[in-house]
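Computation of the quantities below employed the complete heavy-atom set of this structure, encompassing side-chain atoms and omitting hydrogens, waters and symmetry-equivalent molecules. Sequential numbering from 1 along the given sequence is applied to the chain's residues. Treat the numbers as computed from the prediction; the structure is a model and nothing was measured.
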Amino acid sequence: MPTKKTTAKKPAAKTCAKKPAAKKTAAAKPAAKKTVAKKTATKKPATKVVKKTVQEYEDIIRWKKGEAHAINQLYIEVNAKDLLTEVEAGVSNLNAVCKAILNCMLEGDGFIVEPSNKTKVSETLTVRYYCDNLAESRKKYFE
């Protein structure tokens, strides 16, 4: 049968009583008036948001098309609002996104949702890009 080992408790260390500190008397200094300078609120210049260009959005769309082609997808659908949120959340750059979407259209690609305005700049702009044939010989949609 195993036996438990018990350890003897050591008596607590003795504490020394502290001696009261002697009071030092210093010559009384006259109370000086404190002058507090008010801090002027300085505004830091707002950091300027660098928006992506149409060319950068075109590169992103081409990359998406290439990825879809690599995994043998027939087509991808790109929505302007979704692309803008994915790439630059919180930035108002819808004009560049829509121009890039339209510039990347090739013959055979089609509108899923086509805005009724002349410039076709809208959050609802949705295009289906066919990715089975990404040959350079395909003509641009708007040529």
Side-chain angles (χ1 to χ4, degrees), residues 1-18 20-21 23-24 26-143:
M1 198 175 217
T3 60
K4 278 190 174 179
K5 291 183 180 180
T6 58
T7 57
K9 291 186 177 180
K10 294 182 181 179
K14 294 181 182 177
T15 58
C16 297
K18 291 186 177 180
K23 293 183 179 179
K24 294 182 181 178
K29 293 182 180 176
K33 290 185 180 180
K34 291 185 178 179
T35 56
V36 179
K38 292 184 180 180
K39 293 183 180 179
T40 57
T42 56
K43 292 185 179 181
K44 293 181 180 178
T47 57
K48 190 172 183 178
V49 177
V50 178
K51 296 180 180 181
K52 294 202 179 291
T53 63
V54 174
Q55 182 63 43
E56 290 172 317
Y57 276 108
E58 287 177 7
D59 292 341
I60 292 167
I61 294 168
R62 282 192 208 102
W63 179 82
K64 285 178 174 279
K65 289 167 67 172
E67 287 291 309
H69 179 74
I71 58 175
N72 295 325
Q73 284 185 325
L74 179 60
Y75 62 86
I76 60 170
E77 291 180 357
V78 176
N79 176 278
K81 182 179 178 183
D82 294 341
L83 182 62
L84 182 63
T85 304
E86 181 182 330
V87 178
E88 292 182 298
V91 177
S92 178
N93 200 10
L94 190 63
N95 195 26
V97 172
C98 291
K99 283 183 180 181
I101 287 174
L102 296 173
N103 289 346
C104 286
M105 287 183 74
L106 301 174
E107 63 181 354
D109 296 340
F111 290 101
I112 301 299
V113 178
E114 184 176 6
S116 58
N117 59 1
K118 187 177 179 180
T119 60
K120 300 201 183 327
V121 175
S122 173
E123 289 182 342
T124 60
L125 174 65
T126 307
V127 172
R128 178 177 287 174
Y129 296 108
Y130 285 93
C131 304
D132 56 341
N133 181 11
L134 297 178
E136 302 257 337
S137 61
R138 283 177 67 189
K139 293 181 183 175
K140 292 252 185 190
Y141 188 86
F142 288 105
E143 284 185 351

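- For the pair Glu88 (side chain) and Lys52 (backbone), a donor-acceptor distance under 3.5 Å is present.
- A distance of 7.5 Å separates CG of Leu106 from CG of Leu134, quoted to the nearest 0.5 Å.
- Asp109 places a side-chain N or O within 3.5 Å of a backbone atom of Tyr130 that can act as its donor or acceptor partner.
- Between atom OG1 of residue Thr53 and atom OH of residue Tyr57 there is a gap of 9.0 Å, rounded to the nearest 0.5 Å.
- Side-chain contact between Glu123 and Leu94 is present, with heavy atoms from C-beta onward closer than 4.5 Å.
- Annotation: side chain of Lys65 is in contact with side chain of Cys131 (closest heavy-atom distance under 4.5 Å).
- Here CD of Gln55 is found 5.5 Å from CZ of Arg62. Values are rounded to the nearest 0.5 Å.
- Two residues are said to be in side-chain contact when any heavy atoms from C-beta on lie closer than 4.5 Å; Arg128 and Ile76 fail this criterion.
- Contact record, Ser92 with Lys51: O-NZ, 2.8 Å, taken as the closest heavy-atom pair.
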Using residues 111-118 as the side-chain source, report each donor-acceptor pair under 3.5 Å to any protein atom, sequence neighbours left out, with the distance given to one decimal.
{"unit_1": "Glu114", "atom_1": "OE2", "unit_2": "Lys120", "atom_2": "NZ", "d": "2.8"}
{"unit_1": "Asn117", "atom_1": "OD1", "unit_2": "Lys120", "atom_2": "N", "d": "3.1"}
{"unit_1": "Asn117", "atom_1": "ND2", "unit_2": "Val121", "atom_2": "O", "d": "3.2"}

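- Atom OH in Tyr129 sits 15.5 Å away from atom CG in Leu74 (nearest 0.5 Å).
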If you look only at distance, which donor and acceptor atoms sit under 3.5 Å apart when one is on a side chain in residues 78-86 and the other is two or more places apart or in another chain?
{"unit_1": "Asn79", "atom_1": "OD1", "unit_2": "Lys81", "atom_2": "N", "d": "2.9"}
{"unit_1": "Asn79", "atom_1": "OD1", "unit_2": "Asp82", "atom_2": "N", "d": "3.1"}
{"unit_1": "Asn79", "atom_1": "ND2", "unit_2": "Thr126", "atom_2": "OG1", "d": "2.9"}
{"unit_1": "Thr85", "atom_1": "OG1", "unit_2": "Lys81", "atom_2": "O", "d": "2.9"}
{"unit_1": "Glu86", "atom_1": "OE1", "unit_2": "Lys64", "atom_2": "NZ", "d": "3.3"}
{"unit_1": "Glu86", "atom_1": "OE2", "unit_2": "Lys64", "atom_2": "NZ", "d": "3.0"}

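- Between atom CD of residue Glu56 and atom CG of residue Asn93 there is a gap of 9.5 Å, rounded to the nearest 0.5 Å.
- Here CG of Leu125 is found 5.5 Å from CG of Leu102. Values are rounded to the nearest 0.5 Å.
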